[in-house]
Q: 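Next up is a structure, given as structure tokens.
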Amino acid sequence: MKELTPGYWCECWTEDTTKAEEPALVGSFDAHSAAEADRWIAIALRTITSSLTSGALEEAWDWLYEGRVETRRAFLRSDPCTVSVEQAGTRITWTARPALFLALAHRQGQELPVCVAEFKGYDGNPLLRRVITRVAT
């Protein structure tokens with residue numbers, strides 16, 4: 001049996017606060033360390049700062065310069081962390097929580113799943129096939 005590897009499961013969710021709808025998962029990331037999880041959130045947050053209004057921008061910079069310390073402390077305690085900003089009725093929330101990852105079986109040399117042919121841009125190109133294989137493993 002493969003060994004379990006500790007890490008952090010990170011997610012980004014958006015929610016329309018003007019409607020009674022469930023939040024939507026935008027993306028996820030498996031970080032191998034607390035520092036990597038912290039960087040993933042920080043980079044995503046910095047990426048959108050130029051489009052934020054003053055209130056949301058202040059929330060973002062508060063976390064980037066003050067809140068990251070508490071996030072790092074939470075990771076040291078193996079606690080999950082959440083960072084949110086709200087802009088024009090949309091709340092964006094990043095979460096990171098400790099997780100154990102199980103290594104998947106090696107797939108090189110095996111056939112790709114049937115759904116790969118449905119991937120737009122896949123035309124049997126061997127280079128693209130290698131990229132898809134790496135992403136799928």
Side-chain angles (χ1 to χ4, degrees):
M1 181 172 170
K2 300 273 184 183
E3 246 181 74
L4 295 174
T5 304
Y8 291 83
W9 182 248
C10 307
E11 296 175 337
C12 179
W13 293 81
T14 60
E15 178 181 9
D16 186 339
T17 59
T18 64
K19 299 177 184 174
E21 295 177 353
E22 294 292 317
L25 179 64
V26 176
S28 58
F29 175 70
D30 54 325
H32 298 286
S33 67
E36 193 174 20
D38 175 67
R39 272 192 313 272
W40 184 76
I41 296 170
I43 289 168
L45 194 52
R46 278 192 188 115
T47 300
I48 66 166
T49 56
S50 63
S51 62
L52 298 175
T53 58
S54 60
L57 183 61
E58 189 173 320
E59 285 179 61
W61 286 117
D62 281 350
W63 182 82
L64 286 166
Y65 287 101
E66 305 287 329
R68 282 181 84 177
V69 173
E70 186 51 41
T71 297
R72 290 177 184 154
R73 286 184 187 136
F75 288 152
L76 288 173
R77 295 186 306 266
S78 293
D79 289 343
C81 84
T82 301
V83 178
S84 293
V85 293
E86 191 168 332
Q87 159 99 8
T90 299
R91 180 179 301 122
I92 305 170
T93 303
W94 293 270
T95 62
R97 58 183 166 277
L100 293 174
F101 297 104
L102 178 62
L104 298 177
H106 187 62
R107 293 187 41 184
Q108 193 168 23
Q110 296 181 7
E111 285 298 312
L112 293 174
V114 176
C115 64
V116 169
E118 296 172 15
F119 173 69
K120 290 182 186 209
Y122 179 74
D123 59 0
N125 180 322
L127 179 58
L128 185 55
R129 180 183 173 87
R130 283 197 301 268
V131 170
I132 292 170
T133 303
R134 283 192 195 129
V135 170
T137 58

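This structure is a prediction, so every number in the text was calculated from the model and none was measured.
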Q: List the steps and the verdict of salt bridge (charged side-chain N to carboxylate O under 4.0 Å, His left out) for Glu21 and Arg91.
A: CA-CA 12 Å; Glu21 295 177 353; Arg91 180 179 301 122; over 6 Å; no
Q: At their closest point, which heavy atom of Ile92 faces which heavy atom of Cys12, and how far apart are they?
A: CG2-SG, 3.8 Å
Q: If every non-hydrogen atom of Ala31 is compared with every non-hydrogen atom of Ala37, which pair is closest and at what distance?
A: CB-N, 3.6 Å
Q: Compare every heavy atom of Cys81 with every heavy atom of Thr71, then report the nearest pair and how far apart it is.
A: CG2-SG, 3.4 Å
Q: Shared ILVMFWY cluster between Trp40 and Ile48, side chains joined below 4.5 angstrom?
A: yes
Q: Could you go through the side-chain contact (heavy atoms from CB on, under 4.5 Å) check for Leu64 and Arg46 one step at a time?
A: CA-CA 8 Å; Leu64 286 166; Arg46 278 192 188 115; 3.7 Å; yes
Q: So Ile41 and Phe29, side-chain contact (heavy atoms from CB on, under 4.5 Å) or not? Walk me through it.
A: CA-CA 10 Å; Ile41 296 170; Phe29 175 70; over 6 Å; no
Q: Same cluster or not: are Trp9 and Phe75 linked, directly or through other Ile, Leu, Val, Met, Phe, Trp or Tyr residues, by side-chain heavy atoms under 4.5 angstrom apart?
A: no
Q: When you measure from the side chain of Thr95 to the backbone of Thr82, do you find a donor-acceptor pair of N or O atoms at a distance under 3.5 Å?
A: no
Q: Grab the two heavy atoms, one from Glu86 and one from Ala56, that are nearest each other, plus how far apart they are.
A: O-CB, 3.2 Å
Q: So Glu70 and Arg73, salt bridge (charged side-chain N to carboxylate O under 4.0 Å, His left out) or not? Walk me through it.
A: CA-CA 5 Å; Glu70 186 51 41; Arg73 286 184 187 136; 3.7 Å; yes
Q: Check whether any side-chain heavy atom of Glu11 lies under 4.5 Å from a side-chain heavy atom of Arg97, and answer yes or no.
A: yes
Q: If you measure from SG on Cys10 to CZ on Arg39, what distance do you get to the nearest 0.5 Å?
A: 11.0 Å
Q: Report the distance from atom NE2 of His32 to atom OG1 of Thr5, rounding to the nearest 0.5 Å.
A: 8.5 Å
Q: Could you measure the distance from the OH atom of Tyr8 to the OG atom of Ser78? Nearest 0.5 Å is fine.
A: 5.5 Å
Q: Would Trp63 and Tyr65 show up in the same hydrophobic cluster when neighbours are defined by side-chain heavy atoms closer than 4.5 Å?
A: yes
Q: Got a second to check how far Leu45's CG is from Glu59's CD, nearest 0.5 Å?
A: 9.5 Å
Q: Out of curiosity, does Leu52 fall in the hydrophobic cluster containing Trp94 (side-chain heavy atoms, cut-off under 4.5 Å, transitive links)?
A: yes
Q: Answer with yes or no whether the hydrophobic clustering places Leu57 together with Val85; edges join I, L, V, M, F, W, Y residues whose side-chain heavy atoms lie under 4.5 Å apart.
A: yes
